[in-house]
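Take a look at the structure set out below.
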Amino acid sequence: MNHDKMTNISAKRGFLWPSFEIYSGVSGFTDYGPLGSSLKNNIMEKWRKQYVAEEGFFEIESPTIMPEEVLKASGHVDNFTDPMTKCGKCSNVFRADHIIEESINEDVEILENEELDEVILKNNIKCPVCSGKLSNIWNYNLMFKTHIGAKGDKTGYLRPETAQGIFILFKRLSRFFRGKLPFGVVQLGKAYRNEISPRQGVIRLREFTQAEAEIFLDPKDKTCPKFSKIASEKLYLSSQDVQENNKDPLEITAQEALDKNIVANETLIYQLYLAKKFLNEIGIPDKVLRFRQHLSGEMAHYALDCWDVEVNTDKYGWVEIIGIADRGDYDLASHSRESNEELSMFQESDKVETITKTIVKPNLSKFGPVFKKDAPKIKTFLETADADEIKDVIEKEGKYTVKLDDEFELLKEHLIFEDKTEDIKGKQIMPHVIEPSFGIDRIVYSVLLHSFHTSENDEDKDYFKFKKEIAPVQLSVFPLVNKDGLDDLAFEITEKLRSLAYVVEIDTSGSIGKRYARGDEIGIPLAITIDYDTLEDETVTIRKRDDESQERIKINSLENYLKDYY
RNA sequence: GCAGUUGUGGUAUAGUCUGGUUAUUAUUUGGGCCUUCCAAGCCUACGACCCGGGUUCGAAUCCCGGCAACUGCACCA
């Protein structure tokens, strides 16, 4: 693990570059160079293969600019903020809670802005730079704000996460999936957060790529049909208990995690397993990974359970790269409330249940004259009231007292009780959501870091040991020397391989050793060398990056060889 | 956002304190020569003083501001 060497080569060879560099750059943004872009795409394609193809989820794409209502409902407009204050004299801007904490040495994190204003006034807190008067506090929202339309009267924000785009399509999606739970929807794309001062390179960006899946399921049934297939898979988990008591991470099977109630449900465990599988397959091994359960104070208010997947780095320590949360029905409930849309689904039960229950109705000829203008609200109360309870109380005490804004006494003659039988064919439910959320840029960084092979002595070299599935360049082709027609043949073979849709680099510069080294450095798994034997027997050598082993094969069996390999 | 350190070809650097010739060296990269398998060698070319302002006859060098990076603090729903 070596951040410095790795980033050096990554910049040199076109993986990651600072954005807007010729204008001296802006922190919190990064450019993917040719190889970085290709690597990232390969990782995202691999992700799609796992979640869309293998899991049967579907991908959608929604706008990156969202109207204010959406983010108001999701809570981002009001809560995704920091309190700020500005000095009237020198115009410096500060985090209000920080100035106050420094000045009076008290934790004021929980206070509202108005209360903070009062604290500033009461303690006569001044600008720490020039002692000028501080303004009232406003919220600095971490979202990028913009205007929609020429009139500019509609406020929009760049989305702070891709997930909301899925939630607000719920009505359409539930029809698309023909009303059956569970179903999964994914979105890969950019999200934006105007961080105050991002300083960890590609780890903390203002514009970043997420890959999120939202799995909608029955709140009463969070089992997972594929769970049995992975029940005996080993997981390494740092549960709340492990963290709070400084224990070693648990090494347990998926089944044990479920039985011991360490992870809340099957679907959540299955998602932990999928995340681990994905990371392993793109070259991030278990030994640099940690599955960490959020502590109860750390958990977002909407999450029922949440696990972070963290990767170990030499420079930034443990970095969160994936969050897997059970968000409950928080999002659907909020959007349903704000939009006045019914965001629930009717779920048919396995068997029809016939129930008989007592219902209560007002006996209107007596009820109306007695309660007059209060009658409607008492009637409304009765619609949702427990009829059995009312009946009991009236039978025992002769009356039932309703406490609304006033107290009303219901007598037996005001009401009609009926026994009613109905068939329950199912129920209307608001699905819960389990969300694995991948930070793609951080994952690309982790792949670069943990694929990077550092030399231990002078003969060894530094290179990216990418898994062949994600290597940005798949093949290199070299003529052993640039003469006697070997070079022409190399170009010919390159063209042929490119027509088979392989990403191929041909290199005729420098010595053969230099060419291997250049190819290794950017992690090209295979090199094909054309030499003098090629002219005689139409064979080439295939040389593997990781062990430098060579084998000789016929040119006409190259296609099959590569098909098997990739 | 605060404090400190730093900013010279793609990379790593000399020069900055003490202002003054064509900005040092290595490596990388392109072209050529050579080369029958792992960064060999030779020739050659391209390539830099972070940006803006000030001081000065003259600024890579001194001063101020900005931007960025690094370290620590803070922030990270």
Side-chain angles (χ1 to χ4, degrees), chain A residues 3-5 7-14 17-29 33 71 74-86 92-99 101-102 109 128-129 139-143 160-161 193-201 203-206 208 294 298-303 306 315-316 319-320 323 325 439 455 458-463 476 478-484 486 507-521 527-536 540-545 547-550 552:
Chain A
H3 169 91
D4 292 338
K5 268 190 180 172
T7 44
N8 194 326
I9 291 181
S10 124
K12 180 172 121 192
R13 298 304 306 271
W17 289 329
S19 293
F20 318 115
E21 198 176 12
I22 64 167
Y23 293 105
S24 67
V26 181
S27 73
F29 296 93
L71 296 157
S74 67
H76 287 91
V77 170
D78 295 323
N79 301 323
F80 197 39
T81 58
D82 289 327
M84 307 296 284
T85 179
K86 184 174 180 176
N92 273 308
V93 172
F94 309 93
R95 281 282 303 255
D97 48 341
H98 293 164
I99 304 195
E101 277 166 33
E102 274 166 36
E109 203 175 329
V129 174
N139 283 327
Y140 171 76
N141 195 290
L142 256 33
M143 291 191 292
E161 60 174 19
R193 298 177 187 186
N194 199 0
E195 303 284 353
I196 296 174
S197 176
R199 262 214 327 215
Q200 290 145 301
I203 296 301
R204 213 152 149 243
L205 294 171
R206 289 184 165 123
F208 55 100
H294 274 201
E298 189 180 2
M299 202 105 63
H301 56 286
Y302 51 75
C306 185
K315 186 170 175 68
Y316 308 114
V319 173
E320 179 197 345
S455 58
D458 289 348
E459 283 136 59
D460 209 356
K461 56 206 163 210
D462 302 327
Y463 67 101
S476 49
F478 312 128
L480 186 62
V481 292
N482 300 337
K483 60 182 185 189
D484 300 328
L486 296 186
D507 190 346
T508 60
S509 170
S511 66
I512 186 69
K514 187 107 184 176
R515 295 173 199 173
Y516 284 136
R518 271 197 287 249
D520 289 346
E521 193 170 64
I528 295 169
T529 307
I530 285 81
D531 58 21
Y532 282 97
D533 290 351
T534 312
L535 297 175
E536 284 167 24
V540 293
T541 57
I542 293 190
R543 177 261 195 193
K544 294 207 169 99
R545 175 195 67 203
D547 57 8
E548 301 188 352
S549 67
Q550 293 195 358
R552 185 159 269 286

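The sequence lines fix the lettering, A, B, ..., with proteins before strands; numbering per chain opens at 1.
- Taking each heavy atom of Leu486(A) and Asp531(A) in turn, the nearest pair found is CD2-O, 3.3 Å.
- In this entry the distance linking CZ of Arg515(A) with P of rU35(B) reads 13 Å, nearest Å.
- The distance from atom OH of Tyr463(A) to atom P of rA39(B) is 14 Å, rounded to the nearest whole Å.
- Annotation: ring-ring contact (aromatic ring centres under 6.0 Å, His included) contacts of Phe208(A) (sequence neighbours excluded): none.
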Kindly give the atom pairs (protein nitrogen or oxygen, nucleotide nitrogen or oxygen) under 3.5 Å for nucleotides 40-42 of chain B.
from	atom 1	to	atom 2	distance (Å)
rA40(B)	OP2	Ser511(A)	OG	2.5

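- Atom pair Arg552(A):CZ and rC37(B):P shows a separation of 12 Å (rounding to whole Å applied).
- In this structure, Arg545(A) contributes its side chain and Asp520(A) its backbone to no donor-acceptor pair below 3.5 Å.
- As a whole-Å value, the separation of Leu486(A) CG from rC37(B) C1' is 12 Å.
- Taking atom P on both rU16(B) and rU11(B), the two are 23 Å apart, rounded to the nearest angstrom.
- Across the P atoms, rA14(B) and rA26(B) are found 15 Å apart, a figure rounded to whole Å.
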Pull out every protein N or O sitting under 3.5 Å from an N or O of nucleotides 10-12 of chain B, one pair per line with the distance.
none

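- Residue Asn482(A) is the one, among Asn482(A) and Glu161(A), whose nearest nucleotide of RNA chain B lies closer to the 5' end (criterion: closest heavy atom).
- The minimum heavy-atom distance linking Tyr532(A) with Lys483(A) is given by the pair OH-CE, 3.9 Å.
- Atoms OH (Tyr516(A)) and C1' (rA39(B)) sit 13 Å apart, rounded to a whole Å.
- You'll find the side chain of Val26(A) stays beyond 4.5 Å of the side chain of Ser19(A), heavy atoms only.
- The residue Asp533(A) sits apart from the nucleic acid: no heavy atom pair falls under 4.0 Å.
- Pair check for rA69(B) finds rU5(B); Watson-Crick or G-U wobble, both atom distances under 3.5 Å.
- rU36(B) atom P lies 12 Å from atom CG of Asp531(A), rounded to whole Å.
- With both pairing distances under 3.5 Å, rU61(B) is matched to nothing as a Watson-Crick or G-U wobble pair.
- Across the strands present, rU56(B) finds no partner; the criterion is a Watson-Crick or G-U wobble pair with both atom distances under 3.5 angstrom.
- When the C1' atom is compared between rG47(B) and rA40(B), the two are found 25 Å apart, to the nearest whole Å.
- Of the nucleotides present, none pairs with rU22(B) by Watson-Crick or G-U wobble criteria with both distances under 3.5 Å.
- For Arg543(A) against rC38(B), a side-chain N or O and a base N or O form a donor-acceptor pair under 3.5 Å.
- The shortest distance between the side-chain N/O atoms of Lys461(A) and the OP1/OP2 oxygens of rC38(B) is not below 4.0 Å.
- Residues forming a side-chain contact (heavy atoms from CB on, under 4.5 Å) with Ser509(A) (at least two apart in sequence, or on another chain): Asp507(A), Arg518(A).
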- side chain to side chain contact (heavy atoms under 4.5 Å, CB included) assessment of Gln200(A) paired with Lys315(A): CA-CA 9 Å; Gln200(A) 290 145 301; Lys315(A) 186 170 175 68; over 6 Å; no
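- Minimum interatomic distance between Ala527(A) and Phe478(A) (heavy atoms only, all atoms of both residues): CB-CE1, 3.7 Å.
- Both the sub-6.0 Å distance and the 45° axial angle are satisfied by Arg543(A) relative to the ring of Tyr516(A).
- Residues that satisfy the side-chain contact (heavy atoms from CB on, under 4.5 Å) test with Ser27(A), not counting sequence neighbours, are Pro198(A), Arg206(A).
- Across all strands shown, rC42(B) forms a Watson-Crick or G-U wobble pair, both distances under 3.5 Å, with rG32(B).
- rA23(B) sits 35 Å from rC34(B) when the P atoms are compared, rounded to a whole Å.
- When the side chain to side chain donor-acceptor pair (under 3.5 Å) test is applied to Glu195(A), the partners found at least two apart in sequence or on another chain are Arg204(A).
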Output one line per pair: protein atom, nucleotide atom from nucleotides 30-33 of chain B, and distance, for all N/O pairs under 3.5 Å.
from	atom 1	to	atom 2	distance (Å)
rG30(B)	OP2	Ser509(A)	OG	3.3

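- The two residues Gly201(A) and Leu205(A) have their closest heavy-atom pair at O-CD2, 3.6 Å.
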Interface polar pairs with nucleotides 65-70 of chain B, N/O, under 3.5 angstrom:
from	atom 1	to	atom 2	distance (Å)
rC67(B)	O2'	Ser24(A)	O	3.1
rC67(B)	O2'	Ser24(A)	OG	3.0
rC67(B)	O2'	Gly25(A)	O	3.2
rA68(B)	OP1	Ser27(A)	N	3.3
rA68(B)	O4'	Ser24(A)	O	3.2

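- Spacing of C1' atoms, rG7(B) relative to rC51(B), comes out at 11 Å, to the nearest Å.
- Taking atom OH on Tyr532(A) and atom P on rC37(B), their separation rounds to 11 Å, with Å as the unit.
- Residue-to-nucleotide proximity on RNA chain B shows that, of Glu548(A) and Pro160(A), the 5′-proximal contact is made by Glu548(A).
- Rounded to a whole angstrom, the distance from the C1' atom of rC33(B) to that of rU71(B) is 49 Å.
- Rounded to a whole angstrom, the distance from the P atom of rC42(B) to that of rU28(B) is 11 Å.
- Residue Gln550(A) places its CD atom among more than 12 non-hydrogen atoms of other residues, nucleotides or ligands, all under 6.0 Å distant.
- When the side-chain contact (heavy atoms from CB on, under 4.5 Å) test is applied to Ser511(A), the partners found at least two apart in sequence or on another chain are Lys514(A).
- Leu142(A) has its CG atom 13 Å from the P atom of rG1(B), to the nearest Å.
- Partners of Asp462(A) by side-chain contact (heavy atoms from CB on, under 4.5 Å), not counting sequence neighbours, listed by chain and number: Lys5(A), Ile9(A), Phe452(A), Thr454(A), Ser455(A).
- Among residues two or more places apart in sequence or in another chain, the side chain to side chain donor-acceptor pair (under 3.5 Å) test is passed with Asn482(A) by Arg515(A).
- Going from the P atom of rA48(B) to that of rA60(B) covers 15 Å, rounded to whole Å.
- Heavy-atom minimum distance, Asn141(A) versus Val77(A): ND2-O, 3.0 Å.
- Across all strands shown, rA74(B) remains unpaired; no Watson-Crick or G-U wobble contact has both distances below 3.5 Å.
- Between Arg552(A) and Glu536(A), none of the side-chain N atoms (NZ, or NE/NH1/NH2) sits under 4.0 Å from a carboxylate O, so this pair counts as no salt bridge.
- Judged by distance alone, with hydrogens and angles left aside, Glu195(A) brings no side-chain donor or acceptor close enough to the base of rC75(B) to form a pair under 3.5 Å.
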Please list each protein N or O that sits under 3.5 Å from an N or O in nucleotides 43-48 of chain B, with the distance.
none

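- Residues Val540(A) and Thr534(A) approach most closely at CG1-CG2, 4.1 Å, considering heavy atoms.
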